[in-house]
Amino acid sequence: MADELVLLGAAALLLLSVIVSGAWSRLGIPSLLLFLVIGMLAGSEGPGGIAFDDAGAAQALGVVALVFILFSGGLDTEWKKVRPVLNQGLALSTAGVFLTAVVVGGFAHLVLGLTLVEGILLGGIVSSTDAAAVFSIFRSLGTRLRGRLTYLLEFESGSNDPMAVFLTVAMLQLITSPESSPLGLAGFFVQQMLLGGVAGYLFGRLTALLVNRIRLDHDGLYPVMTLGMVLFCYAATTAAGGNGFLAVYISGIVVGNTRTVHHDSVSRFHDGIAWLMQISMFLALGLLVFPSELNGVVGEGLAISAVLILVARPIGVFLTLLPMREPVRECMLISWVGLRGAVPIILATFPLLAGVPQAEYIFNMVFFIVLTSALVQGTTLI
(Lines give C-alpha, C1' and ligand atoms only; values in the text may rest on other atoms or scores of the structure.)
Protein backbone atom coordinates (compact mmCIF):
# COMPACT_ATOMS: atom_id res chain seq x y z
CA MET A 1 0.00 0.00 0.00
CA ALA A 2 2.88 2.36 0.80
CA ASP A 3 4.34 1.97 -2.70
CA GLU A 4 1.01 2.83 -4.28
CA LEU A 5 0.74 5.96 -2.14
CA VAL A 6 4.22 7.07 -3.25
CA LEU A 7 3.27 6.57 -6.90
CA LEU A 8 -0.02 8.39 -6.33
CA GLY A 9 1.78 11.34 -4.78
CA ALA A 10 4.38 11.47 -7.54
CA ALA A 11 1.70 11.31 -10.24
CA ALA A 12 -0.33 14.06 -8.56
CA LEU A 13 2.71 16.35 -8.31
CA LEU A 14 3.64 15.72 -11.94
CA LEU A 15 0.12 16.31 -13.27
CA LEU A 16 -0.37 19.42 -11.14
CA SER A 17 2.92 20.86 -12.39
CA VAL A 18 2.05 20.29 -16.05
CA ILE A 19 -1.54 21.55 -15.84
CA VAL A 20 -0.77 24.74 -13.93
CA SER A 21 2.43 25.63 -15.80
CA GLY A 22 0.62 27.17 -18.80
CA ALA A 23 -1.32 29.71 -16.75
CA TRP A 24 1.73 30.40 -14.59
CA SER A 25 3.93 31.26 -17.58
CA ARG A 26 1.32 33.65 -18.97
CA LEU A 27 1.89 35.74 -15.85
CA GLY A 28 5.50 36.21 -16.99
CA ILE A 29 6.91 33.88 -14.32
CA PRO A 30 9.12 30.95 -15.39
CA SER A 31 7.63 27.49 -14.96
CA LEU A 32 10.69 26.50 -12.95
CA LEU A 33 9.47 28.69 -10.08
CA LEU A 34 6.12 26.90 -10.10
CA PHE A 35 7.79 23.50 -9.93
CA LEU A 36 10.02 24.64 -7.07
CA VAL A 37 7.05 26.06 -5.14
CA ILE A 38 5.05 22.86 -5.61
CA GLY A 39 8.03 20.89 -4.35
CA MET A 40 8.37 23.17 -1.30
CA LEU A 41 4.64 22.87 -0.52
CA ALA A 42 4.88 19.09 -0.79
CA GLY A 43 7.93 19.01 1.47
CA SER A 44 8.29 18.39 5.18
CA GLU A 45 7.48 22.01 6.11
CA GLY A 46 4.54 22.27 3.71
CA PRO A 47 1.05 20.75 3.66
CA GLY A 48 2.37 17.69 1.83
CA GLY A 49 4.63 16.70 4.70
CA ILE A 50 7.00 14.64 2.53
CA ALA A 51 10.29 14.23 4.39
CA PHE A 52 13.21 14.47 1.96
CA ASP A 53 16.72 15.58 2.87
CA ASP A 54 18.90 13.36 0.67
CA ALA A 55 21.21 15.82 -1.12
CA GLY A 56 23.00 12.94 -2.84
CA ALA A 57 19.81 11.64 -4.45
CA ALA A 58 18.79 15.16 -5.47
CA GLN A 59 22.21 15.77 -7.01
CA ALA A 60 22.16 12.44 -8.89
CA LEU A 61 18.71 13.22 -10.30
CA GLY A 62 19.82 16.76 -11.15
CA VAL A 63 22.93 15.61 -13.03
CA VAL A 64 21.00 13.06 -15.10
CA ALA A 65 18.27 15.62 -15.77
CA LEU A 66 20.79 18.24 -16.86
CA VAL A 67 22.44 15.76 -19.23
CA PHE A 68 19.16 15.18 -21.09
CA ILE A 69 18.19 18.86 -20.99
CA LEU A 70 21.51 19.89 -22.55
CA PHE A 71 21.31 17.19 -25.23
CA SER A 72 17.78 18.26 -26.13
CA GLY A 73 18.92 21.88 -26.30
CA GLY A 74 21.73 20.86 -28.64
CA LEU A 75 19.30 18.94 -30.85
CA ASP A 76 17.18 22.08 -31.29
CA THR A 77 20.17 24.33 -32.06
CA GLU A 78 20.39 25.26 -35.75
CA TRP A 79 24.09 25.53 -36.49
CA LYS A 80 23.70 27.79 -39.52
CA LYS A 81 21.89 30.34 -37.34
CA VAL A 82 24.29 30.04 -34.40
CA ARG A 83 27.50 30.23 -36.44
CA PRO A 84 27.30 34.03 -36.99
CA VAL A 85 27.21 34.59 -33.21
CA LEU A 86 29.55 31.73 -32.27
CA ASN A 87 32.42 33.95 -31.08
CA GLN A 88 30.15 36.11 -28.94
CA GLY A 89 28.42 33.06 -27.48
CA LEU A 90 31.67 31.32 -26.60
CA ALA A 91 33.05 34.51 -25.05
CA LEU A 92 29.93 34.94 -22.89
CA SER A 93 29.89 31.30 -21.82
CA THR A 94 33.54 31.36 -20.69
CA ALA A 95 34.94 34.82 -19.96
CA GLY A 96 31.49 36.25 -19.17
CA VAL A 97 30.76 33.47 -16.68
CA PHE A 98 34.21 33.84 -15.09
CA LEU A 99 33.85 37.60 -14.66
CA THR A 100 30.38 37.20 -13.16
CA ALA A 101 31.67 34.65 -10.67
CA VAL A 102 34.64 36.81 -9.65
CA VAL A 103 32.53 39.94 -9.07
CA VAL A 104 29.95 38.06 -7.00
CA GLY A 105 32.74 36.24 -5.16
CA GLY A 106 34.57 39.47 -4.36
CA PHE A 107 31.40 41.05 -2.97
CA ALA A 108 30.60 37.96 -0.88
CA HIS A 109 34.16 38.04 0.51
CA LEU A 110 34.16 41.73 1.37
CA VAL A 111 30.59 42.08 2.64
CA LEU A 112 29.39 38.65 3.79
CA GLY A 113 32.61 37.51 5.44
CA LEU A 114 33.18 34.43 3.27
CA THR A 115 36.73 33.58 2.32
CA LEU A 116 37.63 34.63 -1.22
CA VAL A 117 37.56 31.02 -2.44
CA GLU A 118 34.17 30.43 -0.78
CA GLY A 119 32.91 33.65 -2.33
CA ILE A 120 34.03 32.62 -5.83
CA LEU A 121 32.47 29.20 -5.18
CA LEU A 122 29.15 30.96 -4.54
CA GLY A 123 29.70 33.15 -7.60
CA GLY A 124 30.55 30.18 -9.80
CA ILE A 125 27.45 28.30 -8.70
CA VAL A 126 25.12 31.17 -9.70
CA SER A 127 27.06 32.28 -12.80
CA SER A 128 25.24 30.31 -15.52
CA THR A 129 21.90 31.26 -17.09
CA ASP A 130 18.86 29.15 -17.95
CA ALA A 131 17.68 29.10 -21.56
CA ALA A 132 14.53 27.12 -20.78
CA ALA A 133 13.36 29.73 -18.28
CA VAL A 134 13.86 32.63 -20.70
CA PHE A 135 12.33 31.14 -23.80
CA SER A 136 9.37 29.54 -22.03
CA ILE A 137 8.32 33.08 -21.09
CA PHE A 138 8.88 34.42 -24.63
CA ARG A 139 6.84 31.58 -26.14
CA SER A 140 3.95 31.94 -23.70
CA LEU A 141 3.75 35.72 -24.20
CA GLY A 142 4.27 35.67 -27.94
CA THR A 143 7.39 37.79 -27.42
CA ARG A 144 10.25 37.43 -29.87
CA LEU A 145 13.61 39.09 -29.94
CA ARG A 146 15.39 39.89 -33.14
CA GLY A 147 16.70 36.65 -34.63
CA ARG A 148 20.37 37.29 -33.94
CA LEU A 149 19.80 38.01 -30.24
CA THR A 150 17.59 34.96 -29.90
CA TYR A 151 20.29 32.65 -31.22
CA LEU A 152 23.01 34.32 -29.15
CA LEU A 153 21.05 33.95 -25.91
CA GLU A 154 20.09 30.40 -26.81
CA PHE A 155 23.68 29.35 -27.52
CA GLU A 156 25.08 31.14 -24.49
CA SER A 157 22.57 29.60 -22.11
CA GLY A 158 23.17 26.15 -23.53
CA SER A 159 26.97 26.38 -23.46
CA ASN A 160 27.72 28.25 -20.22
CA ASP A 161 26.79 25.43 -17.81
CA PRO A 162 30.12 23.56 -18.31
CA MET A 163 32.06 26.66 -17.21
CA ALA A 164 29.92 27.00 -14.09
CA VAL A 165 30.49 23.32 -13.31
CA PHE A 166 34.25 23.76 -13.78
CA LEU A 167 34.38 26.78 -11.45
CA THR A 168 32.37 24.95 -8.79
CA VAL A 169 34.53 21.83 -8.91
CA ALA A 170 37.74 23.88 -9.02
CA MET A 171 36.84 26.00 -5.99
CA LEU A 172 35.78 22.91 -4.05
CA GLN A 173 39.15 21.39 -4.85
CA LEU A 174 40.93 24.45 -3.46
CA ILE A 175 38.79 24.34 -0.30
CA THR A 176 39.04 20.62 0.41
CA SER A 177 42.67 20.22 -0.76
CA PRO A 178 44.69 23.17 0.60
CA GLU A 179 47.79 21.88 -1.19
CA SER A 180 46.11 22.51 -4.56
CA SER A 181 47.47 25.41 -6.60
CA PRO A 182 45.25 27.92 -8.41
CA LEU A 183 47.75 27.83 -11.30
CA GLY A 184 47.25 24.09 -11.59
CA LEU A 185 43.57 24.71 -12.37
CA ALA A 186 44.52 26.14 -15.77
CA GLY A 187 45.62 22.70 -16.96
CA PHE A 188 42.48 21.18 -15.47
CA PHE A 189 40.37 23.71 -17.41
CA VAL A 190 42.08 22.92 -20.72
CA GLN A 191 41.71 19.19 -20.10
CA GLN A 192 38.02 19.49 -19.22
CA MET A 193 37.05 21.62 -22.19
CA LEU A 194 39.29 19.95 -24.79
CA LEU A 195 38.25 16.40 -23.91
CA GLY A 196 34.63 17.46 -23.56
CA GLY A 197 34.59 19.16 -26.96
CA VAL A 198 36.34 16.34 -28.82
CA ALA A 199 34.30 13.61 -27.13
CA GLY A 200 31.04 15.47 -27.83
CA TYR A 201 31.83 15.75 -31.53
CA LEU A 202 32.90 12.10 -31.83
CA PHE A 203 29.89 10.77 -29.91
CA GLY A 204 27.59 12.98 -31.97
CA ARG A 205 29.00 11.58 -35.21
CA LEU A 206 28.82 8.04 -33.85
CA THR A 207 25.21 8.48 -32.70
CA ALA A 208 24.13 9.79 -36.12
CA LEU A 209 26.00 6.94 -37.82
CA LEU A 210 24.32 4.30 -35.66
CA VAL A 211 20.85 5.76 -36.23
CA ASN A 212 21.39 5.77 -40.00
CA ARG A 213 23.16 2.41 -40.37
CA ILE A 214 21.49 0.08 -37.86
CA ARG A 215 18.14 -1.33 -38.96
CA LEU A 216 15.83 -1.92 -36.00
CA ASP A 217 12.53 -3.80 -36.06
CA HIS A 218 10.60 -1.03 -34.34
CA ASP A 219 10.84 2.70 -34.97
CA GLY A 220 10.36 3.39 -31.28
CA LEU A 221 13.76 1.85 -30.55
CA TYR A 222 15.69 4.64 -32.31
CA PRO A 223 14.97 7.23 -29.60
CA VAL A 224 15.88 4.62 -26.98
CA MET A 225 19.22 4.06 -28.72
CA THR A 226 19.98 7.79 -28.68
CA LEU A 227 19.01 7.90 -25.00
CA GLY A 228 21.61 5.24 -24.27
CA MET A 229 24.21 7.09 -26.32
CA VAL A 230 23.59 10.30 -24.37
CA LEU A 231 24.24 8.57 -21.05
CA PHE A 232 27.27 6.77 -22.50
CA CYS A 233 28.67 10.05 -23.83
CA TYR A 234 28.39 11.79 -20.46
CA ALA A 235 29.72 8.88 -18.40
CA ALA A 236 32.64 8.03 -20.70
CA THR A 237 33.73 11.67 -21.06
CA THR A 238 33.54 12.31 -17.32
CA ALA A 239 35.46 9.11 -16.54
CA ALA A 240 38.17 10.20 -18.99
CA GLY A 241 38.56 13.53 -17.19
CA GLY A 242 36.57 15.66 -19.62
CA ASN A 243 33.52 17.85 -19.11
CA GLY A 244 30.58 15.52 -19.68
CA PHE A 245 28.02 18.34 -19.81
CA LEU A 246 29.89 20.06 -22.63
CA ALA A 247 30.18 16.73 -24.42
CA VAL A 248 26.45 15.97 -24.42
CA TYR A 249 25.58 19.50 -25.54
CA ILE A 250 27.99 19.36 -28.49
CA SER A 251 26.83 15.83 -29.25
CA GLY A 252 23.26 17.12 -29.45
CA ILE A 253 24.31 19.90 -31.84
CA VAL A 254 26.11 17.40 -34.10
CA VAL A 255 23.17 14.96 -34.16
CA GLY A 256 20.61 17.74 -34.61
CA ASN A 257 22.46 19.17 -37.61
CA THR A 258 23.14 15.83 -39.32
CA ARG A 259 20.63 14.32 -41.70
CA THR A 260 19.29 11.22 -39.94
CA VAL A 261 16.31 8.93 -40.29
CA HIS A 262 13.53 9.41 -37.72
CA HIS A 263 14.94 12.87 -36.94
CA ASP A 264 11.56 14.35 -35.99
CA SER A 265 10.51 11.48 -33.75
CA VAL A 266 13.88 11.45 -31.97
CA SER A 267 13.70 15.21 -31.45
CA ARG A 268 10.15 15.06 -30.05
CA PHE A 269 11.12 12.17 -27.78
CA HIS A 270 14.05 14.06 -26.27
CA ASP A 271 11.96 17.22 -25.92
CA GLY A 272 9.48 15.24 -23.82
CA ILE A 273 12.29 13.65 -21.80
CA ALA A 274 13.80 17.09 -21.19
CA TRP A 275 10.50 18.44 -19.84
CA LEU A 276 10.03 15.38 -17.63
CA MET A 277 13.56 15.82 -16.31
CA GLN A 278 13.02 19.53 -15.66
CA ILE A 279 9.82 18.96 -13.70
CA SER A 280 11.21 16.02 -11.71
CA MET A 281 14.42 17.89 -10.93
CA PHE A 282 12.72 21.07 -9.72
CA LEU A 283 10.21 19.14 -7.64
CA ALA A 284 13.05 17.21 -5.96
CA LEU A 285 15.05 20.37 -5.34
CA GLY A 286 11.94 22.05 -3.92
CA LEU A 287 11.47 19.10 -1.56
CA LEU A 288 15.11 19.36 -0.49
CA VAL A 289 14.92 22.96 0.75
CA PHE A 290 13.54 23.94 4.15
CA PRO A 291 11.64 27.23 3.67
CA SER A 292 12.14 28.25 7.30
CA GLU A 293 15.91 28.32 6.74
CA LEU A 294 15.52 30.86 3.92
CA ASN A 295 14.41 33.49 6.45
CA GLY A 296 17.95 33.68 7.74
CA VAL A 297 19.41 34.67 4.37
CA VAL A 298 16.81 37.16 3.11
CA GLY A 299 18.87 40.32 3.61
CA GLU A 300 22.15 38.86 2.37
CA GLY A 301 20.36 37.00 -0.42
CA LEU A 302 18.77 40.21 -1.68
CA ALA A 303 22.17 41.92 -1.60
CA ILE A 304 23.86 39.15 -3.61
CA SER A 305 20.92 39.01 -6.03
CA ALA A 306 21.16 42.76 -6.63
CA VAL A 307 24.91 42.55 -7.24
CA LEU A 308 24.48 39.58 -9.56
CA ILE A 309 21.67 41.11 -11.62
CA LEU A 310 22.72 44.77 -11.64
CA VAL A 311 26.51 44.60 -11.44
CA ALA A 312 28.17 41.23 -12.02
CA ARG A 313 26.17 40.05 -15.03
CA PRO A 314 26.39 43.45 -16.81
CA ILE A 315 30.16 43.61 -16.16
CA GLY A 316 30.56 40.12 -17.60
CA VAL A 317 28.48 40.97 -20.66
CA PHE A 318 29.88 44.43 -21.40
CA LEU A 319 33.55 43.55 -20.90
CA THR A 320 33.07 40.51 -23.09
CA LEU A 321 30.95 41.93 -25.92
CA LEU A 322 31.94 45.59 -26.24
CA PRO A 323 35.41 44.69 -27.65
CA MET A 324 33.48 42.74 -30.30
CA ARG A 325 31.59 45.96 -31.16
CA GLU A 326 28.27 44.70 -29.89
CA PRO A 327 25.75 47.60 -29.61
CA VAL A 328 25.28 48.94 -26.08
CA ARG A 329 21.49 48.46 -26.19
CA GLU A 330 21.89 44.81 -27.08
CA CYS A 331 24.45 44.36 -24.30
CA MET A 332 21.95 45.85 -21.84
CA LEU A 333 19.23 43.46 -22.97
CA ILE A 334 21.54 40.44 -22.84
CA SER A 335 22.59 41.50 -19.34
CA TRP A 336 18.99 41.51 -18.14
CA VAL A 337 17.74 38.41 -19.97
CA GLY A 338 19.89 36.08 -17.90
CA LEU A 339 17.62 34.19 -15.53
CA ARG A 340 19.07 31.67 -13.10
CA GLY A 341 17.50 28.24 -13.09
CA ALA A 342 18.19 24.59 -12.38
CA VAL A 343 21.97 24.45 -12.66
CA PRO A 344 22.78 26.73 -9.70
CA ILE A 345 20.60 24.69 -7.34
CA ILE A 346 22.12 21.43 -8.58
CA LEU A 347 25.62 22.83 -8.17
CA ALA A 348 24.71 24.04 -4.68
CA THR A 349 24.42 20.39 -3.62
CA PHE A 350 28.10 19.83 -4.46
CA PRO A 351 29.40 21.69 -1.36
CA LEU A 352 26.84 19.82 0.78
CA LEU A 353 28.23 16.46 -0.27
CA ALA A 354 31.83 17.70 -0.05
CA GLY A 355 31.34 18.69 3.58
CA VAL A 356 32.30 22.34 3.09
CA PRO A 357 31.76 24.28 6.37
CA GLN A 358 29.53 26.95 4.75
CA ALA A 359 27.66 24.43 2.57
CA GLU A 360 24.16 24.85 4.03
CA TYR A 361 24.48 28.62 4.03
CA ILE A 362 25.59 28.58 0.38
CA PHE A 363 22.75 26.22 -0.61
CA ASN A 364 20.10 28.45 1.00
CA MET A 365 21.66 31.55 -0.55
CA VAL A 366 21.65 29.99 -4.01
CA PHE A 367 18.04 28.87 -3.65
CA PHE A 368 17.01 32.38 -2.61
CA ILE A 369 18.97 33.93 -5.51
CA VAL A 370 17.24 31.67 -8.05
CA LEU A 371 13.82 32.57 -6.65
CA THR A 372 14.68 36.28 -6.76
CA SER A 373 15.97 36.06 -10.33
CA ALA A 374 12.81 34.29 -11.49
CA LEU A 375 10.51 36.79 -9.81
CA VAL A 376 12.37 40.01 -10.65
CA GLN A 377 13.75 39.30 -14.12
CA GLY A 378 11.02 36.90 -15.21
CA THR A 379 8.10 39.21 -14.52
CA THR A 380 9.80 42.17 -16.26
CA LEU A 381 10.01 40.31 -19.57
CA ILE A 382 6.27 40.77 -20.14
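Residue Leu185 is tested with Val190, Leu167, Leu174 for a side-chain contact (heavy atoms from CB on, under 4.5 Å); the sole match is Leu174.
Counting only residues at least two apart or in different chains, side-chain hydrogen bond (donor to acceptor under 3.5 Å, both in side chains) contacts with residues 98-117 comprise Thr115-Glu118. Among residue pairs with one or both ends in residues 184-211, those qualifying as side-chain hydrogen bond (donor to acceptor under 3.5 Å, both in side chains) are Gln192-Asn243; sequence neighbours excluded. The list of ring-ring contact (aromatic ring centres under 6.0 Å, His included) pairs with a residue in residues 306-331, not counting sequence neighbours, is empty. Sorted by first then second residue, the salt bridge (Lys or Arg N to Asp or Glu O under 4.0 Å) pairs that include residues 298-316, not counting sequence neighbours, are Glu156-Arg313. Here ring-ring contact (aromatic ring centres under 6.0 Å, His included) pairs that include residues 205-256, with residues two or more places apart or in two chains, are Phe203-Phe232, Tyr222-His262, Tyr234-Phe245.
Contact check for Leu294 versus Val289: side-chain heavy atoms found under the 4.5 Å cut-off. The side-chain heavy atoms of Leu112 and Ile304, taken from C-beta on, include a pair separated by under 4.5 Å. Residues Leu221 and Asp217 are not in side-chain contact: their nearest non-hydrogen atoms beyond the backbone lie 4.5 Å or more apart. In this structure, the side chains of Phe363 and Ile345 come closer than 4.5 Å at one or more pairs of heavy atoms. With contacts defined as side-chain heavy-atom distances shorter than 4.5 Å, the pair Val376/Ser305 does not qualify. You'll find the side chain of Leu302 reaches within 4.5 Å of the side chain of Phe368, heavy atoms only. In this structure the side chain of Ile334 reaches within 4.5 angstrom of the side chain of Leu92, judged on heavy atoms. In this structure, the side chains of Phe269 and Leu227 come closer than 4.5 Å at one or more pairs of heavy atoms.
Hydrophobic clustering, with ILVMFWY side chains joined whenever heavy atoms are under 4.5 angstrom apart, keeps Leu206 apart from Val224. Hydrophobic cluster membership is shared by Leu308 and Leu116, with clusters built from Ile, Leu, Val, Met, Phe, Trp and Tyr side chains linked at under 4.5 angstrom. Side-chain heavy atoms closer than 4.5 Å link hydrophobic residues (I, L, V, M, F, W, Y) into clusters, and following such links, even through other members, never connects Leu202 to Leu209. Placement of Val97 and Val102 within a single hydrophobic cluster is found when ILVMFWY residues are connected by side-chain heavy-atom separations under 4.5 Å, directly or transitively. By the criterion of side-chain heavy atoms lying less than 4.5 angstrom apart, applied directly or through intervening Ile, Leu, Val, Met, Phe, Trp or Tyr residues, Leu195 is not grouped with Val248; the two fall into different hydrophobic clusters.
The line from CG of Leu288 to CG of Leu61 is 11.0 Å long, rounded to the nearest 0.5 Å. The line from CE of Met332 to CH2 of Trp336 is 10.5 Å long, rounded to the nearest 0.5 Å. Once rounded to the nearest 0.5 Å, the distance linking CE of Met171 with CD1 of Ile125 reads 11.0 Å. Met225 CE to Leu216 CG: the interatomic distance, rounded to the nearest 0.5 Å, is 5.0 Å. Ile362 contributes atom CD1, which lies 6.0 Å from atom CG of Leu122 (distance to the nearest 0.5 angstrom). Considering CZ of Arg340 and CD1 of Ile369, their distance stands at 9.0 Å, rounded to 0.5 Å.
If you check the side chains of Asp161 and Ser128, you find a donor sitting under 3.5 Å from an acceptor.
Here the shortest heavy-atom pairing between Asp76 and Ser267 reads OD1-OG, 3.6 Å. His270 and Thr226 make their closest contact through NE2-OG1, 2.7 Å (heavy atoms, listed as atom of the first residue, atom of the second, distance). The shortest non-hydrogen separation linking Leu90 to Ser93 is O-OG, 3.1 Å. What you find for Ala312 and Val104 is that their closest heavy atoms are CB-CG2, 3.6 Å. Minimum heavy-atom separation, Cys331 to Leu322: SG-CD2, 4.1 Å. Between Thr237 and Gly196, the shortest heavy-atom contact is CG2-CA, 3.9 Å.
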Start with the C-alpha distance between Ile69 and Met281, add both sets of side-chain angles, then the distance that settles side-chain contact (heavy atoms from CB on, under 4.5 Å), and finish with yes or no.
CA-CA 11 Å; Ile69 291 169; Met281 173 179 56; 3.7 Å; yes

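Annotation for Tyr361: atom OH counts as buried by contact number, over 12 foreign heavy atoms lying within 6.0 Å.
The main-chain N or O of Ala235 is never found under 3.5 Å from a side-chain atom of Thr238 such that the two would form a donor-acceptor pair.
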Using residues 252-260 as the side-chain source, report each donor-acceptor pair under 3.5 Å to any protein atom, sequence neighbours left out, with the distance given to one decimal.
| from | atom 1 | to | atom 2 | distance (Å) |
| --- | --- | --- | --- | --- |
| Asn257 | OD1 | Trp79 | N | 2.9 |
| Asn257 | ND2 | Thr77 | O | 2.9 |
| Asn257 | ND2 | Ile253 | O | 2.7 |
| Thr258 | OG1 | Val254 | O | 2.6 |

